Trainee: 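Okay, here's the structure, questions in a sec.
Letters A, B, ... are given to chains in the order of the sequence lines, protein chains preceding strands, and every chain is numbered from 1. Bear in mind that the values here come from a model prediction, so they are computed numbers and not experimental data.
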2 protein chains.
Amino acid sequence: MLSKKAKYAMLALVHLAKHQDDGPVLISKIAEEEHIPQKFLEAILLDLKKDGTLASKKGKGGGYYLIKSPDEVNMADVMRLFDGAIALLPCVTYKYYERCEECKDEETCSIRETFMKVRNQTVEILKACTLTQLMKSEG
Amino acid sequence: MLSKKAKYAMLALVHLAKHQDDGPVLISKIAEEEHIPQKFLEAILLDLKKDGTLASKKGKGGGYYLIKSPDEVNMADVMRLFDGAIALLPCVTYKYYERCEECKDEETCSIRETFMKVRNQTVEILKACTLTQLMKSEG
DNA sequence: ATAAACTCTATCTACTTAGTAGAGTAAAGA
DNA sequence: TCTTTACTCTACTAAGTAGATAGAGTTTAT
């Protein structure tokens with residue numbers, strides 16, 4: 001399952017993408033409209049800032065805004081940022097690779113191939129899901 | 001990520017499928033050969049028995065054995081049994097459906113469609129991965 | 001100066017995962 | 001029938017994570 005963090009991040013990003021021309025958006029505004037606990041959202045937006053997806057302005061008239069192009073921001077990256085690996089087995093991940101301790105021989109591991117397929121398909125779908133796409137499909 | 005339980009279950013099932021003609025297999029034998037903690041494996045096999053996939057015989061000459069045909073047993077069902085829903089969002093699961101509390105309107109939820117696709121693809125791949133397939137690919 | 005708004009550190013509760021311990025029950029075979 | 005083998009059941013525990021909340025600190029516009 002996707003964590004709440006990742007899900008809230010996605011909703012917040014869509015919100016910010018939609019208001020990209022309105023200047024900085026208040027955390028409180030996003031929290032209210034997207035039904036996200038504000039304090040929790042603060043931490044999430046901070047992570048997205050450190051990641052280079054968002055920027056912020058302090059003080060009056062401040063808030064958060066998108067600094068990447070909406071078609072550069074995809075759900076695979078967001079999920080990796082908050083939930084770590086997308087793959088279902090540590091031995092088929094790209095960025096978070098770990099050998100399975102109980103695995104006799106990785107080359108002949110019976111289930112590995114299937115979970116490799118699952119990962120590839122999932123990443124493909126999530127990569128294609130950019131903020132641009134999300135804005136379109138929401139109308 | 002797949003839980004250890006689900007992963008161990010899959011490995012144990014492949015083991016049992018391979019030895020289907022040898023009569024009951026000891027828990028201790030499976031535990032040793034597949035590198036699974038024995039006590040942990042006991043609980044797993046019991047779950048698979050309650051589920052109707054395995055049966056067991058007590059006493060001398062006892063052990064566990066497969067009672068379903070190897071091509072009836074697929075990894076989607078195993079994963080659901082041990083880890084619950086396959087989908088990444090509660091609102092796109094079939095068996096474990098739950099509305100997302102923060103969701104304004106499910107029909108226009110921006111990310112829902114993508115995660116529906118991910119689920120469908122994943123289930124398709126995992127359904128196709130039966131014990132028969134696994135035995136073949138392992139050679 | 002002061003109010004607005006983001007930033008940082010610390011803390012908390014409930015839940016889940018992975019695993020262990022040990023007593024109980026059933027069946028086979030001498 | 002006694003003993004050994006082997007599955008079954010209940011309870012427990014340690015460690016980690018998710019999903020927050022509280023409050024003080026810092027920066028900036030006016």
Trainee: What's the spacing between A/Lys29 NZ and A/Leu41 CG if we round to 0.5 Å?
Mentor: 14.0 Å

Trainee: What is the distance from atom CE of A/Met116 to atom SG of A/Cys91, rounded to the nearest 0.5 Å?
Mentor: 7.5 Å

Trainee: Nearest heavy-atom pair of A/Val92 and A/Phe115: which atoms, and what distance?
Mentor: CG2-O, 3.9 Å

Trainee: Heavy atoms under 4.0 Å, any strand shown: does A/Ile27 hit a base, just sugar-phosphate, or nothing?
Mentor: sugar-phosphate

Trainee: Are A/Tyr8 and A/Leu2 packed together at the side-chain level, in the sense that at least one heavy-atom pair is separated by less than 4.5 angstrom?
Mentor: no

Trainee: Can you tell me if the side-chain N/O atoms of A/Ser56 get under 4.0 Å from OP1 or OP2 in C/dT7?
Mentor: yes

Trainee: Have a look at B/Leu26 and say if it touches a base, only the backbone sugar-phosphate, or nothing, with a 4.0 Å heavy-atom cut-off.
Mentor: sugar-phosphate

Trainee: Between CD of A/Glu124 and CZ of A/Arg119, what distance do you get to the nearest 0.5 Å?
Mentor: 11.5 Å

Trainee: With a non-hydrogen cut-off below 4.0 angstrom, is A/Lys49 in contact with a base, only sugar-phosphate, or nothing?
Mentor: sugar-phosphate

Trainee: A/Thr130 side chain to A/Asp71 main-chain N or O, any donor-acceptor pair under 3.5 Å?
Mentor: no

Trainee: Should A/Tyr64 and A/Lys49 count as side-chain neighbours, where that means a heavy-atom distance under 4.5 Å?
Mentor: yes

Trainee: What residues from residues 78-87 of chain B pass a heavy-atom cutoff of under 4.0 Å to DNA chain D?
Mentor: none

Trainee: Using a strict cut-off of less than 4.0 Å between a Lys/Arg side-chain nitrogen and an Asp/Glu carboxylate oxygen, indicate whether B/Glu113 and B/Lys117 qualify as a salt bridge.
Mentor: no

Trainee: Just by distance, do the side chain of B/Glu72 and the backbone of B/Ser69 share a donor-acceptor pair under 3.5 Å?
Mentor: yes

Trainee: How long is the gap from CD on B/Glu42 to CG on B/Asp47, to the nearest 0.5 Å?
Mentor: 12.0 Å

Trainee: Measure from CG on B/Leu41 to P on C/dA18 and round the result to the nearest Å.
Mentor: 14 Å

Trainee: Going 5' to 3' on DNA chain D, which nucleotide is the first and which the last to come under 4.0 Å of a heavy atom in chain A?
Mentor: D/dG19 to D/dA29

Trainee: Between B/His19 (side chain only) and B/His15 (backbone N and O only), is there a donor and an acceptor less than 3.5 Å apart?
Mentor: yes

Trainee: Base contacts versus sugar-phosphate-only contacts with protein, heavy atoms under 4.0 Å: please encode nucleotides 19-27 of chain C as B, S and - from 5' to 3'.
Mentor: BBBB--BSB

